[in-house]
Amino acid sequence: MKVSVVIPTLNRPGFLKNTLESLKRQTRLPDEVIVVDQSTDGETEKIVREYGYSYVFQAEKSCARARNRGLRQAAGNFISFVDDDVVLHDDYFEKALEAFRDPAIGGVSGCVELRVRPKGWKWALRRILLWVFMLDHFNARMTWSGFGHPFCDVDSREIKKPRYVELISGYNMIFRRKCLEQECFDSWFSGYSFREDAELTYRVSKITKLKLIPDAKFRHVNALSNRLDPVALKQMQIRNYYYVFRKHRPDNLFFHVLFGYSVFGLLLIDFLEAILNRDPEKMAKLKAAVSVCSKLVSKNNFKKLKKRKRWHLRHSIPQKIKVLHIIKTLNLGGAEANLYNLVTHMDKDRVEVHVAYSYGGEIESRFRETDVRLYKYAEENHRIKSLDSLKIIWRLARYIRKNKIQIVHTHNFNAHLWGLAAARLTGTKLVEHVHDFRYTHPEDFRKRRGTTRQFGYARYLKHLSNRVIVLTRENRDFLVHNHFYPKEKIQKVYNGIPAARHQPLDSFCASRVRTRAGIPPNARVVLTAARIAPEKNIDLIFRIAPRVIEHVPDVFFVIAGDGPLLESFRMHLIEMELEEHVRLLGFYPNTEELLAVSDIFLLPSFLELHSIALLEAMSMKVPAVISEGVGCHGEFIESWKSGVLVNPYSDQGWAESMVRLLGNENLRREIGENGYQICMRQFNIRQAVKKIENSYAELIYS
């Protein structure tokens, strides 16, 4: 057990000397002492050198940053932060470190020994008002309004036994190193940094246990030098209280009312103290507090807070965020496959994942094999305009409240409408993930065989999501140009798949796959994996197949997927006498094994955003022939380099491309290899997951 002590100091050489002297007298000496000096004189360095401790100079005057600086320098597996005006009892570390025998304890604090114990009716009245206005929990926990204090002014003689707490005073605190793996003090707190200690320990208390040890005693001299004047200090206190409130309490009317109630109580206590004590300084502090409060309710308050959207990722220990993904079904489709990839690769220590769906399908069993929490909000398919929508919204809202969901993440249009209503009812943040064509120009949608009319409702839902995740540049431009959402609320995140998918089959396994799928032994295979629907343009295959067969007699087209046109296409296949060269498999549970025996992947869609099947083909080094000007294909595919882009309305272009590619094995290998490199570089699911997790953090903690 190696203990490092970090002491930030600023122009207090006399007080610091007393602190260092108390460290020398410890019955259990610390292994390392680091003094982070922000002073303007040379006295502090001389004193530290005399004691033989480590000295670090920091020009910036910030207690929070000084502690972070010391943390980076420390080598111990236990880190103790001590103020420069604290005198520790000789057995402080001996008593405090005993608590760490319990592996569940992540941090401890000693207990202050007051020279004069407060008493009298004024002190009692103050305590009552602090409790009534939720300004103090009196058990070192944060109140609902974001206030609450450590045991700063409670004498060690009043605390009889150890107790678990949420807030620890910055005078002295000891943590396990693993709890402080990042720069944990929020650097937004500058200068004197009031409230930075309670804010840190509140975050740490969410991932481990903190304990107050009354036997580990110390005296706080409470040096007045280098503190702010009382008026400036009161202004800073109000600002910092508000910052902590915004950071750790939900951003809704109820909690804002609670905060306002507590601030009123704080002003009332200052007013009563100024009147009862006839103290003009107290009255000046009260006026300063009122001035700051008036700024808090202005329209443009705290712009600095809003700009620091990524503070959580750099300066804090993240709490586990509870996210409810809402989707209509768990059938096998692009949105469902992408959802499965997302939830199975999310950091379980950072995000608690829930998935709500209306009824099961082909991949429901895959979800049940994971540790994701599933919730079925309906047993069958329901339309948006049916009365069942009210039941679904009520069930989702009840689930959100019961499980304390912080973010609702929707994945298709019906689910978005239901999730939007439930999120609004519960005051929950909403992330809208666009896997469909709701944000496509209507004329272009109809031209590309789009049939549904429900996307017409999308224009009534603008500005209602907290974040919109799109897959294509076209979707993003549509949202901005039509004033649906500002740029800062839109995030483009490509779909992703697990890395390192290329695994060629041996001859025996390949033969077995071909037999199962009805593919001739020596045929060159062209695979299409898509929903059999009008917008997928599957009928193009029937038109170009005779032309391709004429030049490549051993070609065999395999179409895997289910959909409304499957049976009519099977009849059409018989009518055209193409059964020997084209096979409609219907639903196929494992397209990966089909890709392993395929020479080309063909996707002639009119409507597509970002096909998971295409990514799977690229990950298997199968060259892809896909539609030009559709979805995001042109954003990452260079034609005849990493894929082949063809006009979806040109039958001749498709036929010529297929013949050229099937006749040149080296070209197929080159395109497949280039596509594989792009897939591994840009479409690793972990990259997409990280972006989305960061987006969650921004919404919760900004």
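Quick caveat, the model's predicted, so the values are computed rather than measured. Side chains included, hydrogens not; waters and symmetry mates left out as well; all remaining heavy atoms used. The first residue of the sequence shown is numbered 1, and numbering continues consecutively from there.
Atom OG1 of Thr410 and atom CG of Leu324 lie 10.0 Å apart (nearest 0.5 Å). With rounding to the nearest 0.5 Å, the separation of CD1 in Ile678 from OG in Ser619 is 13.5 Å. In this structure, CD1 on Ile685 lies 7.5 Å from CG on Asn495, to the nearest 0.5 angstrom. Between atom CD of residue Glu336 and atom CG of residue Asn341 there is a gap of 12.0 Å, rounded to the nearest 0.5 Å. Separating the CD1 atom in Ile637 from the CG atom in Leu614 is a distance of 6.0 Å, to the nearest 0.5 Å. Taken from CG in Leu461 to CG in Leu420, the straight-line distance is 6.0 Å, to the nearest 0.5 Å.
With a 4.5 Å cut-off on side-chain heavy atoms, Leu540 and Ile544 count as touching. Contact of the Ile519 side chain with the Val513 side chain is not registered, since no non-hydrogen atoms from C-beta on lie closer than 4.5 Å. Looking at Leu609 and Cys632, their side chains never come closer than 4.5 Å, going by heavy atoms from C-beta outward. Taking the side chain as every heavy atom from C-beta outward, Ile538 and Leu565 never approach each other to under 4.5 Å. Arg531 has its side chain out of reach of Asp562: every pair of non-hydrogen atoms, C-beta onward, lies at least 4.5 Å apart. Residues His435 and Asn412 fail the side-chain proximity criterion, which asks for heavy atoms closer than 4.5 Å. Contact of the Arg512 side chain with the Arg516 side chain is registered, since non-hydrogen atoms from C-beta on lie closer than 4.5 Å. Between Leu471 and Val434 there is no side-chain heavy-atom pair separated by less than 4.5 Å.
Nearest approach of Ala529 to Thr591, heavy atoms of both residues: CB-CG2, 4.3 Å. Here the closest non-hydrogen pair linking Pro534 and Phe606 is O-CD1, 4.3 Å. Here the shortest heavy-atom pairing between Gly419 and Ile326 reads CA-CD1, 3.6 Å. Of all heavy-atom pairs between Ala422 and Thr426, the closest is O-OG1, 2.9 Å. The shortest non-hydrogen separation linking Ala356 to Leu396 is CB-CD2, 3.9 Å. Listed here is the closest heavy atom pair of Gly518 and Phe556: O-CZ, 3.6 Å.
Here His581 and Phe557 keep their ring centres 6.0 angstrom or further from each other. A ring-centre distance under 6.0 Å is found for Phe683 and His610. In summary, the aromatic rings of Tyr357 and Tyr377 are positioned with their centroids too far apart to meet the 6.0 Å limit. Here His441 and Phe478 bring their ring centres to under 6.0 angstrom of each other. Side-chain rings of Phe367 and His325 stay apart, their centers remaining 6.0 Å or farther from each other. Side-chain rings of His354 and Tyr375 stay apart, their centers remaining 6.0 Å or farther from each other.
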TODO: Could you go through the salt bridge (Lys or Arg N to Asp or Glu O under 4.0 Å) check for Glu670 and Lys621 one step at a time?
DONE: CA-CA 9 Å; Glu670 179 185 347; Lys621 295 188 178 181; over 6 Å; no
Task: Residue pair Tyr649, Glu628: steps toward the side-chain hydrogen bond (donor to acceptor under 3.5 Å, both in side chains) verdict - done: CA-CA 10 Å; Tyr649 300 98; Glu628 182 182 29; over 6 Å; no
Open item on the list: Using side-chain contact (heavy atoms from CB on, under 4.5 Å), reason through Arg669 and Glu673 one step at a time and then give a plain yes or no.
Closed with: CA-CA 6 Å; Arg669 187 181 298 111; Glu673 182 63 37; 5.6 Å; no
TODO: Show your reasoning for whether side-chain hydrogen bond (donor to acceptor under 3.5 Å, both in side chains) applies to Arg350 and Asn694.
DONE: CA-CA 10 Å; Arg350 193 177 183 189; Asn694 291 348; 3.1 Å; yes
Open item on the list: Using side-chain hydrogen bond (donor to acceptor under 3.5 Å, both in side chains), reason through Tyr588 and Glu593 one step at a time and then give a plain yes or no.
Closed with: CA-CA 10 Å; Tyr588 198 88; Glu593 66 180 23; 2.5 Å; yes
Task: Trace of the side-chain hydrogen bond (donor to acceptor under 3.5 Å, both in side chains) decision for Glu635 with Tyr494 - done: CA-CA 11 Å; Glu635 296 178 24; Tyr494 285 134; 2.5 Å; yes
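Under the 3.5 Å distance criterion, the side-chain polar atoms of Ser611 are matched with a main-chain donor or acceptor of Ala613. Between the side chain of Asp436 and the backbone N or O of Phe413 there is at least one donor-acceptor pair closer than 3.5 Å. At least one donor-acceptor pair closer than 3.5 Å links the side chain of Asn684 to the backbone N or O of Arg686. With Arg449 contributing its side chain and Ser605 its backbone, the two residues share no donor-acceptor pair below 3.5 Å. Between the side chain of Ser695 and the backbone N or O of Lys691 there is no donor-acceptor pair closer than 3.5 Å. The backbone N or O of Gly631 lies less than 3.5 Å from no partner atom in the side chain of Glu608, so there is not a single donor-acceptor pair. A donor-acceptor pair under 3.5 Å links the side-chain atoms of Asn664 to the main chain of Leu667, judged by distance alone. Distance alone, capped at 3.5 Å, is enough to place a donor-acceptor pair between the Asp599 side chain and the Val525 backbone. Of the possible donor and acceptor atoms, one in the side chain of His463 sits under 3.5 Å from a partner among the backbone N and O of His483. In terms of modelled atom types and a separation under 3.5 Å, the side chain of Asn466 and the main chain of Lys429 share no donor-acceptor contact.
The environment of Glu535 atom CD is dense: over 12 non-hydrogen atoms of other residues, nucleotides or ligands sit within 6.0 angstrom. More than 12 heavy atoms of other residues, nucleotides or ligands sit less than 6.0 Å from atom NZ of Lys376. Atom NZ of Lys489 is surrounded by more than 12 heavy atoms from other residues, nucleotides or ligands within 6.0 Å. Atom CD1 of Ile574 has more than 12 neighbouring heavy atoms from other residues, nucleotides or ligands inside a 6.0 Å radius. Crowding of Arg473 atom CZ: a count of heavy atoms from other residues, nucleotides or ligands under 6.0 Å not exceeding 12. More than 12 heavy-atom neighbours from other residues, nucleotides or ligands sit within 6.0 angstrom of NZ on Lys462. Heavy-atom neighbours of Lys348 NZ from other residues, nucleotides or ligands within 6.0 Å: above the threshold of 12.
When the options Val353, Val323, Val689, Asn338 are evaluated for a side chain to side chain contact (heavy atoms under 4.5 Å, CB included) with Val343, the one that passes is Val353. Each of Asn331, Leu330, Thr329 was compared with Ile327 under the side chain to side chain contact (heavy atoms under 4.5 Å, CB included) criterion, and only Leu330 meets it.
Note: His411 and His409 have parallel aromatic rings, judged against thresholds of 30 and 60 degrees for the angle between ring planes.
In this structure, Arg543 forms no cation-pi arrangement with Trp654, as its terminal cationic atom is not both closer than 6.0 Å to the ring centre and no more than 45° off the ring axis.
Between Glu575 and Arg570 there is no salt bridge, since no side-chain nitrogen of the basic residue lies less than 4.0 Å from a carboxylate oxygen of the acidic one. We find that Arg547 and Glu656 are not joined by a salt bridge, their nearest charged nitrogen and carboxylate oxygen being 4.0 Å or further apart.
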